[in-house]
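Numbers restart at 1 for each chain; the letters A, B, ... are given by sequence-line order, proteins then strands.
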Amino acid sequence: MPELPEVETVKRGLAPVLEGRVLERVVLNRENLRFPFPDGFGQALMGRRVTSVDRRAKFLLITLDSDMVLIAHLGMSGSFRIFHGPPPAADPHDHVVFLTSENVEIRYNDPRRFGFMDICPKAGLADYPMLKKLGPEPVNPAISGKVLGDRLRRKGSPVKAALLDQTIVAGIGNIYACEALFMAGISPRRKAATVQGGRAEKLAHAIENVLVFAIKAGGSSLKDHRQPSGELGYFQHSFQVYGRAGEPCPRCGGGMLIQQIVQSGRSTFFCSSCQR
DNA sequence: CGGCAAACCTGCGAGC
DNA sequence: TGCTCGCAGGTTTGCC
């Protein structure tokens, strides 16, 4: 599910109910997600006050007053839900439950369990393996065409694959890679290193635009993603190419139909006429 | 080292 | 109706 806009939506939903609150209880309903929960996971969190909720790429970073950081990744199907009143019956995939000092219940649900949670001292965060190799954030501030072009220059792979490479730019996933390339008029099959100059500028702007609009829409709800409030995101209604194989291209209209191909194991949607 | 397929796991829709 | 197959928003691993 979650690419940068969805994780940002989760971050914005969790911040008001977590920041300044104490984690009174942490309940693990199983011993692992993608990885086992680390030893002492619950003990490190319980009784601690949350000082901030942040996002880096697709990772949520919840910092505690002990200067420990809870690192959470939603994988493909993870979601957080907030319950202010009496919570509904537990779902089989409600794997982690947090109860705050305001008596708010926060549940982490993840059917596929590709997500994970870990703890790391704040001082060691920069060396955390999954964080240390991440490329720059693409929004806030926006990545420049120059920086993007420089980072794509060393890639021999197609530009679509390069956008999914979190060490080139952080936070872009399959949907927004397809959408950004369409907006920029760049073929997903084009060699990444050839996206330079004006093309790199266009792509950088497209990435920023699509991500900013998706965040405003609360992300894209295809299947699992929900805002922590329970509301659906609605950016999926704005997809130009993703999931639209066989439909007319929204730009050249009657001409080409949206094509679907597979690149490094992931579906790519594009218009072979508008994207070069 | 770079690039790609496979692996991790569950659920759902399409097709028979 | 019921089964099997393929595919899904991510990341790491291992194999050329």
In whole angstrom, what separates A:Asn174's CG from C:dA8's C1'? 10 Å
Could you give the CG-to-P distance, from A:Leu222 to C:dG9, as a whole number of Å? 8 Å
May I have the distance from A:Leu211 (atom CG) to C:dG9 (atom C1'), rounded to whole angstrom? 13 Å
Should A:Thr268 and A:Gln260 count as side-chain neighbours, where that means a heavy-atom distance under 4.5 Å? no
Only counting residues at least two apart or in another chain, list the ones meeting side-chain hydrogen bond (donor to acceptor under 3.5 Å, both in side chains) with A:Glu247. A:Arg244
Need one value for A:Lys155: base, sugar-phosphate or nothing, where a base atom within 4.0 Å counts as base even if backbone is also close, heavy atoms only. sugar-phosphate
Going by the rule side-chain hydrogen bond (donor to acceptor under 3.5 Å, both in side chains), which residues pair with A:Asp91 if we only count those two or more places apart in sequence or in a different chain? A:Asn109
Work out how far the C1' atom of C:dT11 is from that of B:dC12, and round it to whole angstrom. 23 Å
Rest of the hydrophobic cluster containing A:Ile71 (Ile/Leu/Val/Met/Phe/Trp/Tyr, side-chain heavy atoms under 4.5 Å)? A:Phe35, A:Phe59, A:Leu61, A:Val69, A:Phe116, A:Leu125, A:Tyr128, A:Met130, A:Leu131, A:Leu134
Expressed as a whole number of angstroms, how long is the span from A:Leu60:CG to C:dG10:C1'? 14 Å
What residue among A:Ile207, A:Val210, A:Asp165 forms side chain to side chain contact (heavy atoms under 4.5 Å, CB included) with A:Ile172? A:Ile207
Check this one for me: any side-chain N or O of A:Lys58 less than 4.0 Å away from OP1 or OP2 of C:dG10? yes
Go through it in stages, so that I can follow the logic: the residues are A:Cys274 and A:Cys249, the test is side chain to side chain contact (heavy atoms under 4.5 Å, CB included), and I'd like the CA-CA distance, side-chain angles, deciding distance and then a yes or no. CA-CA 8 Å; A:Cys274 297; A:Cys249 168; 3.7 Å; yes
Below 4.0 angstrom, which residues in residues 157-172 of chain A have at least one non-hydrogen atom near DNA chain B? A:Ser157, A:Pro158
Partners of A:Gln240 by side-chain contact (heavy atoms from CB on, under 4.5 Å), sequence neighbours excluded? A:Glu179, A:Phe182, A:Pro250
What residue pairs, at least two apart or across chains, pass side chain to side chain donor-acceptor pair (under 3.5 Å) with a residue in residues 193-206 of chain A? A:Arg153-A:Gln196, A:Arg190-A:Thr194
Quick one: side chains of residues 40-50 of chain A, donor-acceptor pairs under 3.5 Å with protein atoms, not counting sequence neighbours, listed by atom name and distance.
residue	atom	partner	partner atom	Å
A:Arg48	NE	A:Asp65	OD1	3.0
A:Arg48	NH2	A:Asp65	OD1	3.2
A:Arg49	NH1	A:Gly20	O	2.5

Could you tell me how far apart A:Gln263 (CD) and C:dA8 (P) are, to the nearest whole angstrom? 13 Å
Expressed in angstrom and rounded to an integer, what is the separation of A:Lys132 atom NZ from C:dT12 atom C1'? 14 Å
Can you check the distance between B:dC9 and C:dC3, where both ends of the measurement are the P atom (answer in whole Å)? 24 Å
Applying side-chain hydrogen bond (donor to acceptor under 3.5 Å, both in side chains), can you list everything that pairs with A:Tyr176, at least two apart in sequence or on another chain? A:Glu6, A:Ser220
For atom CZ of A:Arg30, is the number of surrounding heavy atoms from other residues, nucleotides or ligands below 6.0 Å larger than 12? yes
5' to 3' on DNA chain B, which nucleotides open and close the contacts with chain A (atom under 4.0 Å from a heavy atom)? B:dG3 to B:dC12
Atom CZ of A:Arg56 and atom P of C:dT11: how far apart are they, to the nearest Å? 12 Å
Would you indicate, yes or no, if C:dG10 has its OP1 or OP2 atom less than 4.0 angstrom from a side-chain nitrogen or oxygen of A:His73? no
Give me the residues of residues 108-118 of chain A where at least one heavy atom lies under 4.0 Å from an atom of DNA chain B, by number, or none. A:Pro111, A:Arg112, A:Arg113, A:Phe114
May I have the distance from A:Arg266 (atom CZ) to C:dC7 (atom C1'), rounded to whole angstrom? 11 Å
Taking atom C1' in both B:dG3 and C:dG9, compute the distance separating them and give it to the nearest angstrom. 22 Å
Donor-acceptor side-chain pairing of A:Gln259 and A:Ser272 below 3.5 angstrom: yes
The criterion is side-chain hydrogen bond (donor to acceptor under 3.5 Å, both in side chains); which residues satisfy it with A:Ser238, sequence neighbours excluded? none
Could you tell me whether the side chain of A:Arg226 reaches within less than 4.5 Å of the side chain of A:Arg81, counting heavy atoms only? yes
DNA chain B base-pair string [pairs: Watson-Crick or G-U under 3.5 Å; |: paired with another strand]: .|||||||.|||||||
